[in-house]
Amino acid sequence: MTKLFNDPKTFMEDALVGFLDANARYAVGVPGGVVRASETPQGKVAVVVGGGSGHYPAFCGVVGPGFADGAVVGNIFTSPSTDDAYHVGKAAAQGGGLLFSTGNYAGDVMNFNLAQERLEAEGIRTRNVYVTDDVASASVQEKHKRRGIAGDFVVFKVAGAAAEAGLDLDEVERLAIKANEATRTMGVGLEGCTMPGADDKLFHVPAGKMGVGLGIHGEPGIAEEDLPPASELATLLLDRVLAEEPADSIKRVGAILNGLGATKYEELFVVWKTVSGLLKEKGYTVVDPEVGELVTSLDMAGVSLTLVYLDDELETYWTAPADTPAYKKGAAVAVGGPRRAALSEEDLKVEIAPGSAASARAGMLAVTALEAMAQAIRDAEDDLARMDAIAGDGDHGRGMVKGVTFAVEAAKSASDQGAGAAGVLAAAGDAWASKAGGTSGVLWGAALRSLGARLGDEAEQISATDVAAAVQAGADRIQELGKAQLGDKTMLDALLPFADALRQGVEGGKSLTEAWRAASQVATTKAGETAGLRPKVGRARPLAERSLGTPDPGATSLAMCTRVVVDVLAAAGKE
């Protein structure tokens, strides 16, 4: 049980402050995460890793000489935002280019890709490598859909060591990709983890069973099997990762037997005894094995086995020295470079431009709508979390609450400064994406920003047709970023029918309130119908069968938000 916290809503922030204080020799804080305490040497490739919190030592625990130059830190089990990745990447880069690397999750991919676009536009050469080591999450034919779990550590280590050795960006990227292609992981879960402040674990494994093919975000395994003795478990894990041995293998492997947070080191050593013996029997040489907690999942009980199939080149960087808060190997690595100064949110504030009278009124109405949405989401937080935990990690409720709460604050501030609809909604969207992170964070943030951009700041009047077109612009942006379609069991299954119904209602002569009310009913119906769908994208995809019978949490929360806006429009006289 995760029992020690002050306020569950600030658990990640509180932990990060403590981490930075305890490890001031290694890291300093910047908006969105941490970077090395010493400046990246001019011309060196900066390797920045990242993802949601709850996985320590990943990700900030591996920032230091020989490893990562920075880590982007998201909320618990939630992707960092685009702003987070952008700020950490910009702080770390010093002329040699930047390599981002994280696990292959929809939210991470969207946010890090958007950060890459922003950095490239500013002249910072940036590459992204997403880790796909989890053999249980997709077939060999669809390896590009696999998740990144404990194999993250291998790819980060190789990339960090290559950058430390002075290789250029093309070579660091090539080696990171090569390490990913050579890495396989299989894991099992023995008991679920507990989000800070939660009354129960995200999932339970029946007594005497194990969840086979676990994720590292509190997801249950893709199947349940009887829990065998440690020796048989070791055989199961090893057989799965050896089944995909590359054709050019030279029988030399690096290995990680990883504990998920609540499995004791002594238990891991018992499992490793069998793994090591079997590898030797099969003719493999094990190079610098790691047994312990490297990529955890809060207090989750479980174990995973990672093998990286080495050649001379990969072995050089797998065995290279490193000195970080949580991981040390070989002789100390020279630190070099002057000490950095920490940055704060205040350092990054931007001016708000005023809008026209009509647009400013629309901005104030948007604030009221966001306030109503925030209250509805807070009331439904626990239900959304339970819904998400069926086939995901249970963070949707908390992520939505956090995102909309900060969105309201940012929107109010912009409106108080006279901003128009575009300024208010851009501020709200950026705050939502930045503070909530994850897939829903980046999608809601991008949608609000696109919606506002369509309305603009200078309009002399804003019609119902303008609003319908703005909603469609937001929906289009979500579809562009998420690459999902109707029927994939995402928020689009509610949003696209809503946008279409709103447009039809307005074109048919209905008032904005009437058209919105009818469209909201369509969204609610369509959200409920997602219970019969299997997810085809996102974190729930590997557990598609479990998801049957439960509506999509993203579609559900979207429909909920559309419903409460009806009363806001009616009260404003948008008849």
Side-chain angles (χ1 to χ4, degrees), residues 49-55 58-59 74 76-80 100-113 128-156 176-177 179-189 192-193 202-203 211-223 237 240-241 244 256 258 260-261 294-298 300 302-308 388-395 437-439 482-484 488-490 534-547:
V49 302
S53 296
H55 305 304
F59 298 95
I76 300 293
F77 299 160
T78 305
S79 165
F100 280 132
S101 189
T102 186
N104 186 39
Y105 297 89
D108 293 299
V109 171
M110 282 187 276
N111 281 302
F112 280 77
N113 282 353
N128 291 354
V129 174
Y130 299 109
V131 184
T132 55
D133 62 303
D134 179 14
V135 300
S137 58
S139 67
V140 174
Q141 292 72 31
E142 294 187 307
K143 285 196 295 186
H144 63 285
K145 294 184 178 180
R146 286 179 171 176
R147 305 177 288 200
I149 49 177
D152 287 1
F153 188 90
V154 175
V155 178
F156 300 168
I177 293 170
N180 182 51
E181 290 296 318
T183 301
R184 315 281 190 271
T185 300
M186 178 67 185
V188 299
C193 62
L202 286 177
F203 69 93
V212 178
L214 81 163
I216 58 165
H217 298 92
E219 308 100 323
I222 60 176
L237 296 174
R240 289 298 302 272
V241 293
E244 295 187 22
I256 299 172
N258 181 59
L260 271 292
L294 295 176
V295 184
T296 61
S297 185
L298 288 177
M300 187 172 177
V303 59
S304 65
L305 175 65
T306 300
L307 293 185
V308 52
D388 190 37
I390 298 297
D393 52 20
D395 73 337
T439 306
K483 312 297 183 187
D488 284 352
K489 196 164 188 173
T490 71
R534 291 175 174 82
K536 297 177 183 177
V537 297
R539 199 169 284 173
R541 182 189 55 79
L543 300 170
E545 294 302 319
R546 287 178 181 263
S547 177

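S79 contributes no side-chain N or O that, together with a main-chain N or O of T439, makes up a donor-acceptor pair within less than 3.5 Å. A side-chain donor-acceptor contact under 3.5 Å links S53 to the backbone of G74. Without hydrogens or angle criteria, N258 side chain to V295 main chain gives a donor-acceptor distance under 3.5 Å. Listed for the S101 side chain is a donor-acceptor partner under 3.5 Å among the backbone atoms of V129.
Taking CD1 of I256 as the start and CG of L307 as the end, the distance is 9.5 Å to the nearest 0.5 Å. Here the OG-CE distance, from S137 to M186, works out to 10.0 Å after rounding to the nearest 0.5 Å. One distance of note links NE2 of H55 with CG of L294; it measures 13.5 Å at 0.5 Å rounding. Interatomic distance, M300 CE to L260 CG, rounded to the nearest 0.5 Å: 5.0 Å. F203 contributes atom CZ, which lies 7.0 Å from atom SG of C193 (distance to the nearest 0.5 angstrom).
The two residues G52 and P80 come nearest to each other via the heavy atoms N-CD, 4.1 Å. Nearest approach of T185 to G151, heavy atoms of both residues: OG1-N, 3.6 Å. In terms of heavy-atom proximity, G54 sits nearest to I76 at N-CD1, 4.0 Å.
The shortest side-chain heavy-atom distance between V241 and T306 does not fall under the 4.5 Å cut-off.
Judged as a salt bridge (charged side-chain N to carboxylate O under 4.0 Å, His left out), and not counting sequence neighbours, the contacts of E244 are R146, R184. Contacts of D133 classified as salt bridge (charged side-chain N to carboxylate O under 4.0 Å, His left out), with partners at least two apart in sequence or in another chain: none. Under the rule for a side chain to side chain donor-acceptor pair (under 3.5 Å), T296 has no partner lying at least two apart in sequence or in another chain. F153 pairs by the ring-ring contact (aromatic ring centres under 6.0 Å, His included) definition with F67, Y327, not counting sequence neighbours. Listed by chain and number, the residues in a ring-ring contact (aromatic ring centres under 6.0 Å, His included) with F112 are F100 (sequence neighbours excluded). Every residue was checked against the side chain to side chain donor-acceptor pair (under 3.5 Å) condition with S304, not counting sequence neighbours, and none meets it.
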Working for side-chain contact (heavy atoms from CB on, under 4.5 Å), residues L202 and F77
CA-CA 12 Å; L202 286 177; F77 299 160; 4.3 Å; yes
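Residue Y130 forms a side chain to side chain donor-acceptor pair (under 3.5 Å) with just one option from N113, N104, N180, D152, and that option is N113.
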